Amino acid sequence: MTNIEKMFINGEWREGETSYELKSPYNRDKVAQVSFSTKEDVFEAIESAKLAQEKMKALTALERSTILEKVAHLLEEQFEECALILTKENAKPLKSARGEILRTIETYKFAAEEAKKLTGETIPMDAAKGGKGRFGFTRREPVGVIGAITPFNFPFNLVAHKLGPAFAAGNTLILKPASQTPLSALKTAEIFEQAGLPAGALNVVIGKGGDIGDILVTHPDIKLITFTGSLEVGLDIKAKSGLKKSTLELGSNSAVVIDDVEDIQSVANRCVEGAFTFAGQVCISLQRIFVKKELYEEFSQAMLQSVEKWKIGDPANESTDMSALIQEKEAIRAEEWIEEAKNAGAEILCGGKREGSVIDPTIIAKVPAHVSLNCKEAFAPIVLINTYEKFEEALRYVNDSQYGLQAGVYTTSIEKSFQAIEQIEAGGVIINDIPSFRVDQMPYGGVKNSGTGREGIKYATEEMTELKLVVFKVSD
Ligand code: NAP
């Protein structure tokens, strides 16, 4: 068994009593034989993270920053190996996998910078009648032991969005990656070990969410849960985690409004990219397009022209744009939702077919509001195009959702831009681009059922600290 098939506890690579065969989502070939952690392993991981707090506290901001910088550097050196891990374990096409590793490197570089920036503020104590003669300031302290639970879709970069800020702020952490993508998390642990992170500060346990994830969520020694994943699991975590701090980064059915554009073909190309990248398995994947009625014909033709160029197939192939969904059952669910929309009167413009775990890029028009594809998260390569007459109506359609992660608006009008910024209920509004736009230092997170809290290195680092007030009595 190689290191990245074991678990990582207290700085040691440990083989499990039992293991499971990890298979490629694309061709079901065996990728690895991965150790399962027992409940006892998880308790030990929590204990070692607790003990490692002293070692993390002893590190200066510069030392924490240097470790994170080293991680970024080691990822650069092991770039191709990491991209191949992604392609094997979650069928991410090689060119997208390389893109994810590039972003992961940048995420750790931002975290290295953030480690040096954690500050408090001075408080004007004498602004209150009773505050005369007092000097007050705040400082930010690590929360302590963090439990991190991550999804399958960006297993290097979303792990970096937990580990980078956690270590920048001086915390220790237990990571439970998705069962389908343990190798990227374990490879990350190997890199942190090489970078000199104190033993026990990072622990990686492997197993089913409902079993070992639950221990992290409920254990009294874990002070903060940072979770990225589905709404259902997020709600369960919220209900069980009691007074623990929690950051929940959940799903969406993101929308774009196309009101006024200069180059309709380039907007259509961008929408195809937003809808079909990684087969739509992106939390801000473009799912709902609302296009002004007069633009519909030209825009939908431009989308069809653009999607024709997409190459579907083996993720290891250099030219592949899109591959299999993570599990066949997800492809079957997506196919059922397409059928439901068709039966409700929607028009399939292209795609709609399934072969095993692969769903063809699918564009559907005239989709009634009540069908699953409109109101739930598709997490598959499916995009809907509906029309509107008035801009206000389009904004209402965008908000007619249980989710609110990001939304896009194409317009050349300043007034309409500001109207959209004010009225759209989402964590982010992207003007003149798709909702799928993200760089890793920006604040990122949702409203409504898309979650609570913000990621983006500066914001996550702050969430992973406690604010402490200090007051000096200087004089009477
Ligand atoms: P998921 O099924 O919710 O799983 C996410 C993680 O939670 C996995 O590690 C899973 O472990 C674990 N888990 C499952 N049940 C659990 C439980 N009862 N207690 C504790 N942990 C549990 O999500 P996914 O299918 O991997 O990812 C897709 C979802 O993530 C989509 O909804 C997507 O929108 C969302 N997402 C959101 C963001 C964001 O930043 N907002 C980013 C990416 C993805 P197992 O794998 O072992 O089941």
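Numbering of ligands and ligand atoms starts at 1, following listing order. We're numbering straight along the sequence, starting at 1. Computed from a predicted structure; not experimentally measured.
Aromatic ring orientation, Y397 versus F290: tilted (interplanar angle from 30° to 60°). Note: F152 and F379 have perpendicular aromatic rings, judged against thresholds of 30 and 60 degrees for the angle between ring planes.
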From CA spacing to verdict: side-chain hydrogen bond (donor to acceptor under 3.5 Å, both in side chains), T226, K162: CA-CA 7 Å; T226 170; K162 315 274 183 223; 2.9 Å; yes
Stepwise ring-ring contact (aromatic ring centres under 6.0 Å, His included) check, Y444 with F437: CA-CA 11 Å; Y444 181 77; F437 172 81; over 10 Å; no
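Separation of the Y108 and F156 ring centroids does not fall under the 6.0 Å cut-off.
Every protein residue with a heavy atom nearer than 4.0 Å to ligand 1 is included here: I149, T150, P151, F152, N153, L158, K176, P177, A178, S179, G207, K208, G209, G210, G213, F227, T228, G229, S230, V233, D236, E249, L250, G251, C283, E377, F379, L405, Y444.
Residues that satisfy the salt bridge (charged side-chain N to carboxylate O under 4.0 Å, His left out) test with E12, not counting sequence neighbours, are absent from this structure.
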